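Below is one structure, written out as structure tokens, with a few remarks after it.
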Amino acid sequence: MLTKRSDTKTRRARLAHIDAHGHTPLDRRSFLRNAGMTATGLAAVGTLGAATVQKAHALPPVDLGKPTTVKKNICTHCSVGCTVTAEVQNGVWVGQEPSWDSPINRGTHCAKGAAIREIVFGDRRLKYPMKLVDGEYNKISWAQALDEISAKMLEIREKSGPESVWWLGSAKFTNEAAYLYRKMAAFWGTNSVDHQARICHSTTVAGVANTWGYGAQTNSYNDIRNSKTMIIMGGNPAEAHPVSLQHVLTGKEINRANLIVIDPRMTRTAAHATEYVRIRAGTDIPVIYGLLYHIFENGWEDKTFIEQRVHGMNDVRAEAKKWDPKTVEDVTGVPGEQLKRVAEMFAKQKPSTLIWCMGATQHTVGTANVRAYCTLLLATGNVGAPGTGANIFRGHTNVQGATDLGLDVITLPLYYGLDDNAWRHWSRVWEVDFEWLDGRFDKKPGPNNTTINYRSLPGIPSTRWFDAVTIAKDQIDQRDTLKAAIVFGHGGNTVPRMPEMMKGLAALDLLVVADPHPTNFVSLAGRKNGTYLLPIATSLECDGSRTASNRSLQWGEKIVEPIFESATDYWAIYELAKRLGFADKMFKNIAMVKGKFGDEPEAESILREINKGGFSTGYCGQSPERLKAHMKNQKHFDIVTLKANADAPAEIAGDHYGLPWPCWGTPAQRHPGTPLLYNTNLHVKDGGGTFRARFGVERMMKVKAQENGQEIEKEVKENLLAEGSYSLGSEIKDGYPEFTMAVLKKLGWDTDLTADERTTIDKIGGNNIDGVSWATDFSGGIQRVAIAHGCSPFGNAKARANAWNLPDPVPVHREPIYSPRIDLVAKYPTRPDFKSFRMTNAGFSVQKAAVDKGIGKSFPIILTSGRLVEYEGGGEETRSNRWLAELQQDMFVEIHPADAAARGIVEGGWVWVDGPENNAKIKVKALVTERVGKGVAWMPFHFGGWYQGEDQRKNYPAGTDPIVLGESVNIITTYGFDPVTAMHEGKVTLCQIRAA
Amino acid sequence: MTSFIAAVLAVVAISVGASFLLETQQQTVDKTYATSGTRVDLDPRLSGGVAPKH
Amino acid sequence: MIATPLFRHLFPALLAMLLCVAPVAAQQPSAVNPTASSVTEKQLLDALKPNSTDTIAGRVSIPDVRAGNLIQPTGVEFRAYQTTTIFQVGAIAIPGMLALLALFYLIRGRVRIQGGPSAQTIVRFAWFSRFVHWMTATSFIALGLSGLNLVFGKTLLLPVIGASAFSAMSQLGKFVHDYVSFAFALGIFLMFVMWVKDNLPALRDIRWIVQFGGMLGFGHPTADRFNAGQKLMFWATILGGGTLAVSGYIMMFRPVSFAISAMQLATVVHGLTGVVLVAIILAHIYIGTVGMEGAFRAMGRGTVDLNWAKEHHSVWVEKVARKRPKDISGGPAPAPAE
Amino acid sequence: MARMKFLCDADRCIECNACVTACKNENDVPWGINRRRVVTINDGKPGERSVSMACMHCTDAPCAAVCPVDCFYTTADAVVLHSKDLCIGCGYCFYACPFGAPQYPKAANFGSRGKMDKCTYCAGGPEADNSPEEFAQYGGNRLAEGKLPLCAEMCSTKALLAGDGQIIAQIYKERVAKRGYGSGAWGWKTAYKEDIAT
């Protein structure tokens with residue numbers, strides 16, 4: 001035996017990163033080597049079948065002798081915003097390294113992030129454009145595909161109008177692509193453009209924005225480290241946002257904080273909780289009122305906070321009074337003592353934060369749930385300070401950005417809405433004629449000689465698109481039903497009622513699926529012609545910015561050129577716009593760069609256009625240069641505050657990581673971004689703020705009063721502006737409305753505007769300069785002046801515990817459409833049928849029919865759904881990743897041991913799960929576990945490719961089928977839509993389970 | 001003597017037969033640890049052969 | 001030495017071959033902070049103690065259910081067996097047997113045919129019987145050598161021939177061991193079928209044992225076709241070989257439902273049976289060749305000298321003479337044993 | 001000289017499986033072989049804990065002790081490695097290993113399981129450091145580059161610690177002291193005959 005000693009130079013020391021412990025670099029020395037051992041020694045025996053695990057040629061190792069380029073992008077699989085560090089050699093992604101410098105993930109990843117390299121050489125990707133001809137997929141060229149698609153679209157436009165083409169965008173778009181896609185829909189002439197936010201946090205956006213101004217996470221993942229009490233309700237971040245748990249668990253350990261998980265299922269997150277509260281699915285509002293009951297009863301509420309910064313808390317108090325512990329226990333199943341304990345912790349051991357996810361949002365009462373959560377935060381004064389807030393964990397990489405940039409049927413980019421002011425603002429930004437834009441839209445005569453202009457009407461949401469295809473023409477409020485669906489980066493198994501979706505899918509004239517993978521739209525049989533598959537690059541093959549859930553923007557570099565014949569979204573959108581005839585207008589101010597297939601829009605240039613128009617949400621300060629500087633200097637940001645350290649270089653000095661929006665004014669004004677929303681402890685110029693004055697300055701309210709011994713109703717004006725609360729350094733020591741030229745003039749601050757700013761404002765205002773506001777002034781002057789005086793450009797108002805414009809201004813409990821508690825359905829029915837998003841929401845009728853049919857008897861098990869750590873969304877991408885697919889190979893249902901025993905179901909055995917609608921059933925494996933309570937079943941939602949017991953693998957074009965297929969839970973999930981956003985009911989329905 | 005030679009021959013024959021039969025039945029782990037919902041591209045690296053030498 | 005805990009739990013282990021033996025759940029009220037009362041390794045190991053063949057097992061998402069075993073404490077015992085027990089048992093049994101045989105040879109010398117060779121022979125084993133014997137014998141030698149290599153090779157051979165050559169040889173040995181086993185198992189089965197009738201115990205076997213077959217000069221006890229010594233050898237071979245085959249095929253086919261402890265047990269049983277049987281067979285080889293005049297030709301040619309037969313198997317000779325006189329023939333003068 | 005160890009802080013492990021896929025990513029481990037895996041104990045019950053397990057690179061490794069061809073060796077960093085050229089696929093190491101680390105490319109043992117494969121602590125094998133030959137058989141060699149195993153480096157909650165035993169034990173101790181609880185350094189008693197006194 002020889003001892004070989006090789007002293008390889010230590011390149012980097014890694015231990016230092018494990019925690020805050022310094023350590024000297026490793027000194028790796030030597031390995032023993034067997035004497036006389038030769039490689040050929042066993043060649044002869046090898047032929048006898050001594051199999052060995054070897055490296056395939058497809059994956060070359062990092063060649064240490066060759067130069068390596070390091071590129072940074074952002075993981076596409078959730079919204080935490082983990083930096084992915086790639087080592088590239090010869091245009092091939094050869095290695096992945098931990099991203100130590102990122103203040104968000106600090107080197108770490110979850111299973112998906114650690115396996116992300118696979119997706120850019122994954123051989124299950126769609127390799128070239130394909131067209132479905134008589135049931136067979138044929139390879140075609142990009143040019144042919146785009147020519148045929150655009151011709152068909154124009155034909156449909158001619159026959160049925162622009163509203164018959166439905167656009168579905170993606171939360172995996174970069175901000176720039178999302179913006180282009182929204183812009184394309186606008187130029188085409190429809191508001192029917194949606195994306196994944198509809199089915200994940202649309203109710204959050206609506207509920208939160210209606211409470212205090214913006215529909216986003218108020219604080220950040222990092223800030224959770226400051227919390228002393230955390231409630232995670234309706235979320236399982238240990239699987240959905242694993243890296244966030246790094247911050248949650250560190251916070252829990254450092255502060256010895258309370259971590260309370262409220263969920264129908266004992267999740268992996270609950271395994272690390274200090275208290276787990278099991279509730280009946282769909283009873284979030286009673287649980288919150290159960291908490292508020294104890295809080296109000298014991299006077300634990302934050303009275304000063306409520307007085308200064310909250311409107312309408314008394315209405316909540318009245319509602320909470322109805323929810324005494326006994327009633328709550330009856331409805332939710334939670335013992336009163338436990339809720340009291342949790343309520344006391346949340347109210348007294350502050351700062352407290354409430355974290356939620358799709359367990360809160362995917363309900364017929366989604367918006368109301370979210371509003372109830374916000375109310376709890378407001379009542380305990382837990383908003384607008386470190387360690388507090390609504391920490392809303394969003395889904396995909398850029399679901400926050402795509403939402404912000406208007407892939408939403410109710411608004412133009414950055415929440416400007418759809419009214420004339422909004423369109424005029426954007427036509428100014430785009431430098432296109434307002435009348436021309438207006439002319440792109442369908443119009444129809446309305447009542448009393450008015451004209452209904454579809455330019456201002458919300459479009460068709462992704463939860464109901466198939467209804468809009470199959471519905472009778474006179475049942476839908478537009479000229480014709482949907483004829484074409486253009487789907488960029490969205491799965492086909494994400495919405496309940498798949499049997500009905502199949503009908504819609506079959507009835508479409510044109511289906512375009514532009515995606516790195518064919519998605520479940522393809523696996524579902526029924527179409528023979530008129531389907532096009534376009535291979536789109538993944539986010540990792542794309543330059544551009546992404547907005548993480550904490551509102552930080554991060555610039556991702558294209559790691560490698562799109563593989564196979566894949567193209568970037570930018571190029572595909574540009575080429576499609578060219579063929580639809582408006583590319584010259586749409587790309588007027590956007591620079592082109594040389595891409596893989598020729599000219600393609602430059603990401604930086606698109607971001608500059610967003611900056612130019614993005615004042616309403618503070619997307620105006622994040623220039624590409626600033627974002628790139630942040631990525632370059634990641635290591636200089638603090639992991640708790642996200643603020644640049646004292647030793648940071650000048651280009652990022654004072655900034656918060658990723659310039660979390662709102663980042664006010666022009667990039668030159670160098671606003672540092674707002675890490676915590678509504679934080680009055682900071683000056684606005686340093687990222688502080690107030691609640692947004694969005695709903696006027698006062699409200700007329702009818703109150704009952706005693707006058708001359710008689711009870712009369714009289715109108716009083718209630719002040720909606722903050723009282724005695726203002727952000728640090730504010731010159732106005734009270735509430736104030738949003739800033740317009742009129743307000744500036746009144747304060748005498750208009751003289752602070754520079755001449756250039758004034759010129760721009762004059763140009764925008766025309767003959768009504770006073771109407772130019774902080775959101776429409778793209779000189780940035782109004783914002784600059786307001787901030788200079790310490791004021792939030794959007795005003796300083798109260799948050800609303802009573803949101804009078806919503807269907808349930810103060811949240812009230814409503815039983816799910818399919819509830820096992822018929823007695824409670826009678827007491828807490830869902831809202832009556834009504835029209836929303838151009839079609840009828842018939843929830844009430846469905847609920848009534850279910851009760852009448854006694855559905856609770858034949859379908860006794862509550863079914864809820866959720867996420868697995870290995871997969872994401874519809875799952876085609878991750879189920880095609882061999883490193884991930886190996887870990888979850890079967891669709892399964894979690895069933896309680898008692899329910900399993902009663903049905904003769906064994907662990908790992910096949911079962912049929914029957915749904916209450918359409919005689920739908922799915923065949924899955926049983927996972928017998930106490931994670932779920934008795935009478936409850938849980939299924940993951942990422943599977944697809946089987947349909948009611950049948951394997952649909954043959955429907956995929958050869959070689960593009962994902963490694964793992966399985967039944968989709970949405971085959972058996974059921975009817976139900978939130979009244980505000982048409983969010984589907986994804987979390988509560990009923991089912992029956994039987995051994996197969 | 002014939003019985004001895006026949007026996008040796010039989011041992012060899014049975015062994016060779018067994019090796020062929022069993023090697024064809026031998027399953028690589030990628031196949032074994034894949035369930036009904038999957039289509040794994042079987043990995044040639046697992047089925048034998050010697051590592052490529054450069 | 002042999003009494004490792006593995007043996008104490010032989011039967012429970014066989015019963016407990018099912019996987020995923022659920023860990024004993026800690027007794028915890030559900031309202032208690034699960035962090036403070038989290039399950040610890042020590043707790044689980046303590047819970048396992050009454051039945052040490054269990055493992056700390058949990059749930060894994062991959063289909064390889066054995067991956068659910070987090071810690072298997074019996075690995076330590078297997079190690080003790082593999083590094084010490086089998087080595088010592090082998091080192092005692094095999095050289096010990098050789099020493100015993102040498103001692104026996106020194107004391108007794110070669111057992112001669114007392115009456116001297118006769119001119120007559122008697123058919124002892126038919127061709128097929130001899131074929132089966134040799135098939136079993138040759139395969140056993142191959143299996144024994146390749147098996148012993150795994151026990152002693154590392155100590156005895158590796159330092160001499162070097163790692164590469166030793167590994168190549170061992171690899172080859174392993175293939176040989178696996179495939180040749182089928183011939184051996186077949187042989188054991190056929191021998192059982194052919195000879196079980198003649199190997200059932202009889203009363204006279206007691207006398208034979210008491211007199212030790214007359215080999216130490218206490219006169220010749222009578223015997224039928226097989227004497228008690230041969231019967232013991234038969235049963236040792238059948239039971240030992242059978243055990244080897246069963247345990248070997250468990251090791252080879254690794255039924256999914258078998259726990260690791262069961263696999264370890266199979267390996268231990270296989271190894272120990274193997275070295276013991278090797279030692280026994282050494283005695284068999286001795287007595288069939290050097291140790292006794294006229295014995296080898298029973299398997300060599302199939303016939304034996306009539307005098308030899310009369311001395312050792314008088315009852316049998318009488319039966320043959322009565323039932324199949326043709327089997328006794330005047331042949332050429334007996335040749336010395338090969 | 002550093003004594004390299006793994007420590008899984010079960011109170012931090014959330015079974016995200018990053019360690020599993022990071023390992024696949026770094027070493028291109030084929031389907032069916034899991035050098036690292038995460039096991040959940042008491043699943044669905046209070047006290048549920050997940051532990052990421054791979055080769056623990058034991059002091060006085062049982063695998064090496066039982067190997068009939070002596071294909072294991074321990075590096076100066078106390079990492080337990082083996083030579084696939086020497087391995088005969090007998091399976092003894094799997095029976096001896098307390099942690100189920102050894103894996104084989106073939107499922108049944110007809111003739112051969114194939115060459116054993118296990119966690120290398122991202123330290124390759126006996127071939128020259130970071131040579132294509134080494135990569136082909138064993139995967140990456142991060143230790144030679146002064147980096148630690150990717151599984152631990154990428155662990156989402158920093159539950160899985162890798163590095164010098166004294167240092168990671170110290171980190172763990174400090175954590176336990178700070179948070180006030182700890183379910184123990186899983187496998188340490190078995191692998192290193194050590195407990196971490198906390």
Side-chain angles (χ1 to χ4, degrees), chain C residues 23 25-26 28-32 34-45 55-62 64 66-76 78-79 81-83 149-151 153-154 158 163-164 166-167 170-171 173-175 178-179 251-254 260 263-264 267, chain D residues 10-11 15 17 20 32-34 37-51 53 62-63 65-71 83 85-92 94-100 103 107-113 179-190 195:
Chain C
Q28 291 148 339
S30 62
V32 168
T35 297
S37 61
S38 63
V39 57
T40 66
E41 185 188 7
K42 190 173 174 310
Q43 200 179 359
L44 293 173
L45 282 171
T55 56
I56 296 181
R59 209 185 263 284
V60 285
S61 61
I62 46 177
D64 179 4
R66 277 196 192 128
N69 290 331
L70 189 63
I71 298 174
Q72 52 122 349
T74 52
V76 181
F78 180 80
R79 175 196 178 147
Y81 153 77
Q82 184 65 28
T83 54
N149 178 50
L150 292 186
V151 180
K154 182 157 99 173
L158 174 63
S164 185
F166 179 71
S167 173
S170 302
Q171 178 75 82
K174 182 182 182 300
F175 288 130
D178 285 349
Y179 298 133
M251 290 163 73
M252 195 153 160
F253 292 94
R254 283 186 284 161
I260 289 183
M263 298 301 303
Q264 290 168 335
T267 312
Chain D
D11 299 299
E15 201 193 344
N17 279 323
V20 178
I33 304 251
N34 286 282
R37 66 201 194 276
V38 183
V39 181
T40 303
I41 306 284
N42 273 10
D43 170 65
K45 300 184 183 80
E48 172 185 317
R49 281 296 174 269
S50 298
V51 180
M53 189 54 82
C63 52
V66 301
C67 179
V69 296
D70 220 6
C71 76
S83 161
D85 287 336
L86 296 180
C87 171
I88 62 168
C90 68
Y92 287 175
F94 180 71
Y95 299 144
C97 177
F99 308 108
Q103 318 258 306
N109 191 25
F110 309 147
S112 176
R113 303 160 188 248
R179 69 190 176 204
Y181 56 88
S183 57
W186 288 71
W188 270 47
K189 187 82 190 141
T190 311
D195 261 337

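All values reported here derive from a predicted model rather than from experimental measurement. Numbered from 1 within each chain, the chains take letters A, B, ... in sequence-line order.
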Report task. Answer yes or no: is there a side-chain heavy-atom contact under 4.5 Å between C:Ile56 and D:Ile41? Result -> yes
Report task. Check whether any side-chain heavy atom of C:Ile71 lies under 4.5 Å from a side-chain heavy atom of D:Thr190, and answer yes or no. Result -> yes
Query raised in the report: Would you call D:Ile88 and C:Ser167 a side-chain contact if the rule is heavy atoms closer than 4.5 Å?
Result: yes
Query - D:Val39 versus C:Val60, closest heavy-atom pair with distance - result: CG2-CG1, 3.7 Å
Query raised in the report: So what's closer than 4.5 Å to chain C heavy atoms on D:Ala65: side chain, backbone, both or neither?
Result: both
Query raised in the report: Hey, does C:Phe166 have a side-chain heavy atom less than 4.5 Å from the side chain of D:Asp70?
Result: no
Report summary line: Value for OG (C:Ser61) from CZ (D:Arg37), rounded to nearest 0.5 Å, stands at 12.0 Å
Query raised in the report: OH of D:Tyr95 to OH of C:Tyr81: how many Å apart, nearest 0.5 Å?
Result: 11.5 Å
**Report entry** Heavy-atom closest contact (C:Leu44 atom, D:Trp186 atom, distance)
**Finding:** CD1-CH2, 3.6 Å
Query raised in the report: side-chain contact (heavy atoms from CB on, under 4.5 Å) with D:Phe94: which of C:Gln264, C:Met263, C:Arg66?
Result: C:Arg66
Requested in this report: Check whether D:Asn34 gets within reach of chain C through its side chain, its backbone, both or neither, counting any heavy atom under 4.5 Å.
Outcome: side chain
Requested in this report: Hey, could you give me the SG/CE distance between D:Cys90 and C:Met251, rounded to the nearest 0.5 Å?
Outcome: 8.5 Å
**Report entry** Contact class of C:Ser170 relative to chain D, heavy atoms under 4.5 angstrom
**Finding:** both
Query raised in the report: At a heavy-atom separation under 4.5 Å, does D:Val38 approach chain C through its side chain, its backbone, both, or neither?
Result: backbone
Query raised in the report: Quick one: does C:Leu70's side chain get under 4.5 Å of D:Phe99's, heavy atoms only?
Result: no
Query raised in the report: Checking C:Glu41 side chain against D:Gly184 main chain: does a donor-acceptor pair fall under 3.5 Å?
Result: no
Query raised in the report: Could you state the interatomic distance from CZ (C:Arg59) to OG (D:Ser50), rounded to the nearest 0.5 Å?
Result: 11.5 Å
Query raised in the report: So how far is it from C:Arg79 CZ to D:Cys97 SG, rounded to the nearest 0.5 Å?
Result: 11.5 Å
